[in-house]
*Asks:* 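Sharing a structure here in C-alpha cells format.
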2 protein chains.
Amino acid sequence: MDNTAVLDIAMNAYWQADPVDISVNKICQLAGISKPSLYRTFGSEDGLKSAALDRYAAQVLSQISAILLQGANLRDTLDALIEFTSTDPRMTTGCLFYKMRSGKHRLGPKALAKVDQIDAVARAVYGSFLQARRDAGDWPGPVSVELGAKYLSEQIALAFTHRASGLDTSAVRQMLDLSLSIFQPVASKPQS
Amino acid sequence: MDNTAVLDIAMNAYWQADPVDISVNKICQLAGISKPSLYRTFGSEDGLKSAALDRYAAQVLSQISAILLQGANLRDTLDALIEFTSTDPRMTTGCLFYKMRSGKHRLGPKALAKVDQIDAVARAVYGSFLQARRDAGDWPGPVSVELGAKYLSEQIALAFTHRASGLDTSAVRQMLDLSLSIFQPVASKPQS
DNA sequence: CATATTTGGTACTGATCGGTAACAATGGTC
DNA sequence: GACCATTGTTACCGATCAGTACCAAATATG
C-alpha cells in the first residue's frame, strides 16, 4: 500500500465526516493496513492529521487561490468564488481546513501549526486580492483591506459549514450573495 | 445536591468548553455526585444534554428575543443585537445552542429534537421581527423575509463562534457591522 | 549464500467512554 | 418498631481509544 494512497484515504475520511469522529483505528480499517504500519509512516495521529491537511491544502485550497488570482474585476471574481463555494461537488461535505480549524483545541502541535500556516496563507491571498482591487479603484468603500480579507475568509468558511450541514446549494448561494454584496455598492443581481 | 444545581453545572460545562469534550464522568466530578445519581435524574447523556440545552434556551436565548421585540426601528434593534452579541461577557465562550447544533450528528434523539425546536423558534423570532420591520416600511429591500431571517440567524451564529474562538470583541463587532449592513438601504453609493 | 534492514502483521497496554448491578443510608408512613 | 420507597454510593461491564512490544516475511546488500 502506497503512502500517498493511505494519505488520500485518511484525508477523505476526515473530510467527508468530521475529524473528531474519525479514529486511527477507523482509518487503518478503511485503508486496509495495520496500525503499526500507519504509525511507522506518520508517527502519530497528529502527524497523520497534519499530513492530510497539507495534502488537502495543496489539492483544494490552491483552487481558491487560482480563482482569486485570475479574475478580471471584483464582481466577476466574487461571482466565480460564490459559484465554486456553493456548487462545487467536491465541497458538499464542506472544507477540511475549516473543519480542522473549528476543532483546534483537539489537535496536536503539528496539525495546529499546519492550521495556523494555512490560515495565514489564506488571509494573505484574500488580502492581496482585495488590495489589488482597491489599487485598481474597483473597490472604493471605507472598509480596510485587512477587515475585508478577514470578512471574506470567514464568510466563505461559513458557506462551507452550511454545505457540510446539508443546506441546499441555492440557499448557500443566496446567503453568500447577500454577505458578499457588501463589496459592491450597486444592487445585487437576482438569483438565477 | 439539587437537580437544578447539577443541571446548571452541566450547562456551564457544555457551554464553557465544547459539548463533545465534556463526558458524563467529567460532569459528575464537577457536580460532586455519582454517576448512577445523575442517570436516575436525567436518564441518559442524551437526556442531560437536552435538559441543559432547554435550560440554556430559557436563560439566554430569551434575551435575544427581548432585544428583537423591544427595538423602535430596524437600525436601533440591529445595533442592540450587535452590542449584545459582540460584547456580552456571558457569551465570551460562544453560544451553547450553536455549539450543540454544529455537532448535531453526535447528539441523541432528545437533544436533537431540542436543537431543532430551538432552531425553529429562533427562526420564527427573527422572521417576525423582520416582517414587522418590512410592514412598517423600515426595511424595503428586495430580500425576502425568510432569507433575511436565515441570514441574520447565521450571522449571529458566526459571531458567537468567533467569540468562542477567542477573537477580540472589537473584531467581532466590525464583522457584524459589515455583515448586517446589508439591512440598511441608506448605504452610501460611491460609484456605479 | 548470509546478513541486515525494512515492511507487514497479531496482540497487547493503560486509559476513558457511556451505562448499570448491587448495596447502604435515609426518611416518611402506619 | 415495621415497612417501603427514595437517594446515594462503590465497583463493575463491554467497547473503544491512541499507541506499542514483538514476531514473520520479504527485500536489499555484502
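Below, chains carry the letters A, B, ... as their sequence lines are ordered, and counting in each starts from 1.
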*Asks:* Give the rounded distance in Å between these two atoms: CG of B/Asp21 and C1' of C/dC17.
*Replies:* 13 Å
*Asks:* Apply salt bridge (Lys or Arg N to Asp or Glu O under 4.0 Å) to residues B/Arg75 and B/Asp79 and explain how you reach the verdict.
*Replies:* CA-CA 6 Å; B/Arg75 199 61 240 164; B/Asp79 283 343; 3.4 Å; yes
*Asks:* Hey, is the side chain of B/Lys35 pairing donor to acceptor with the base of C/dG18 inside 3.5 Å?
*Replies:* yes
*Asks:* Whole Å only: how far is the CG atom of A/Asn3 from the C1' atom of C/dT6?
*Replies:* 13 Å
*Asks:* Distance only, no hydrogens: is a donor on one side chain within 3.5 Å (strictly under) of an acceptor on the other, for B/Asp168 and B/Ser170?
*Replies:* yes
*Asks:* Identify, between B/Arg40 and B/Asp46, the residue whose nearest nucleotide on DNA chain C lies closer to the 5' end.
*Replies:* B/Asp46
*Asks:* Whole angstrom is fine here: how far is it from NZ in B/Lys26 over to P in C/dT16?
*Replies:* 10 Å
*Asks:* So, B/His105 and A/Asp18: side-chain donor and acceptor under 3.5 Å apart, yes or no?
*Replies:* no
*Asks:* Is any side-chain N or O of B/Asn25 closer than 4.0 Å to OP1 or OP2 of C/dT16?
*Replies:* no
*Asks:* How do B/Ser37 and A/Ser23 order along DNA chain D: which one's closest nucleotide is nearer the 5' end?
*Replies:* B/Ser37
*Asks:* Mind listing the closest non-hydrogen atom pair of A/Met91 and A/Tyr56 along with its distance?
*Replies:* CE-OH, 3.3 Å
*Asks:* For the residue pair A/Asn25 and A/Gln29, confirm or rule out a side-chain donor-acceptor distance under 3.5 Å.
*Replies:* no
*Asks:* Please determine, for the side chain of B/Ser34, which listed nucleotide (C/dG9, D/dG8, D/dG19) has the closest atom?
*Replies:* D/dG8
*Asks:* Give the rounded distance in Å between these two atoms: CD of A/Gln29 and P of D/dA18.
*Replies:* 13 Å
*Asks:* What is the separation between atom OH on A/Tyr39 and atom C1' on C/dT13, rounded to the nearest whole Å?
*Replies:* 13 Å
*Asks:* Counting side-chain heavy atoms from CB outward, which of C/dT10, D/dC17, C/dG18 is closest to A/Pro36?
*Replies:* C/dT10
*Asks:* Take atom CD1 of A/Ile33 and atom P of D/dG19, then tell me their distance rounded to the nearest Å.
*Replies:* 14 Å
*Asks:* Using whole Å, what does the distance between atom P of nucleotide C/dG19 and atom CD1 of B/Ile27 come to?
*Replies:* 12 Å
*Asks:* Whole Å only: how far is the NZ atom of B/Lys110 from the P atom of C/dG18?
*Replies:* 16 Å
